[in-house]
**Q** 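Have a look at this one before I ask anything.
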Amino acid sequence: MGNDIGLLIQGGLMKFWGALAVAGAVLGGFFLLMALPAAKGAPQEAAAGAVAAALAVVPYVIFRVVERSAAHRKDDERFEELKRLLEKRAES
């Protein structure tokens with residue numbers, strides 16, 4: 001039962017960070033479009049680009065970590081089941 005709760009929480013985290021990654025990409029693009037015309041030189045343009053990239057990239061990276069963590073958990077469960085089946089077969 002505890003494992004089911006963990007998977008439910010993991011699924012909720014994936015949805016949350018997935019939505020945040022999309023929102024970050026949109027917000028980063030909007031920020032870049034608004035900041036570039038107002039920039040008064042290359043350093044300000046570079047700073048705007050860095051902030052826009054961070055808004056898009058950071059939530060995406062966290063989303064991918066959560067996604068890989070869920071996949072790793074499923075792989076661990078499959079390996080444990082395979083181990084139990086092989087031990088059961090060896091006993092027979």
Side-chain angles (χ1 to χ4, degrees):
M1 180 169 168
N3 197 18
D4 293 338
I5 293 172
L7 289 176
L8 180 64
I9 292 171
Q10 193 77 19
L13 281 176
M14 283 183 16
K15 288 179 184 177
F16 170 75
W17 283 108
L20 202 59
V22 171
V26 170
L27 185 62
F30 180 74
F31 179 82
L32 190 61
L33 289 174
M34 295 295 112
L36 283 181
K40 292 182 170 59
Q44 287 182 348
E45 290 174 355
V51 170
L55 285 170
V57 171
V58 172
Y60 175 75
V61 169
I62 295 172
F63 168 69
R64 292 292 292 168
V65 167
V66 171
E67 184 180 52
R68 290 305 309 150
S69 174
H72 183 67
R73 182 186 307 228
K74 288 179 185 177
D75 288 344
D76 285 348
E77 290 172 1
R78 289 181 193 132
F79 286 131
E80 286 299 319
E81 181 62 27
L82 181 60
K83 182 179 171 183
R84 280 193 292 268
L85 290 172
L86 289 173
E87 287 173 352
K88 187 176 179 180
R89 184 173 181 180
E91 291 174 359
S92 332

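Numbering of residues begins at 1 and proceeds along the displayed sequence. All heavy atoms count here, side chains included; hydrogens, waters and symmetry mates do not.
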**Q** To check you understand the geometry: which heavy-atom pair defines the closest contact between A35 and A48, and what is its length?
**A**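 Nearest pair, atom of A35 first, then A48: CB-CB, 3.6 Å.
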**Q** Are side-chain heavy atoms of M34 and F30 found at a separation under 4.5 Å?
**A**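 Contact flag for M34/F30 side chains = yes.
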**Q** Taking E81 first and then R84, would you say they form a salt bridge - that is, a charged N and a carboxylate O separated by under 4.0 Å?
**A**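 Yes, E81 and R84 are salt-bridged.
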**Q** Would you mind reporting whether V51 and F31 have side-chain heavy atoms less than 4.5 Å apart?
**A**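 A side-chain contact exists here, since the closest heavy-atom pair is under 4.5 Å.
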**Q** NZ of K40 to CD of E45: how many Å apart, nearest 0.5 Å?
**A**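 Here the rounded value is 12.0 Å.
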**Q** With a 4.5 Å cut-off on side-chain heavy-atom distances among I, L, V, M, F, W and Y, is there a chain of contacts connecting V66 to V58?
**A**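 Yes; tracing contacts between hydrophobic side chains, which count when under 4.5 Å, links both residues.
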**Q** According to salt bridge (Lys or Arg N to Asp or Glu O under 4.0 Å), does anything in residues 47-66 pair up with another residue at least two apart or in another chain? List the pairs.
**A**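 Those involving residues 47-66 are R64-E67.
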**Q** Shortest non-hydrogen contact from L32 to P37?
**A**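 The pair with the smallest heavy-atom distance is O-CD, 4.4 Å.
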**Q** Same cluster for L55 and L20 if Ile/Leu/Val/Met/Phe/Trp/Tyr side chains link at under 4.5 Å?
**A**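 The answer is no; the residues belong to distinct hydrophobic clusters.
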**Q** Taking atom CD of E80 and atom CG of L85, what is their separation to the nearest 0.5 Å?
**A**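 So the gap between those two atoms works out to 11.5 Å.
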**Q** Please give me the minimum heavy-atom distance between P59 and A56, naming the atom from each residue.
**A**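 That would be CD-O, 3.8 Å.
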**Q** Which atom pair, heavy atoms only, marks the closest approach of G18 to F63?
**A**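 Where G18 meets F63 most closely, the heavy atoms are N-CD1, 3.4 Å.
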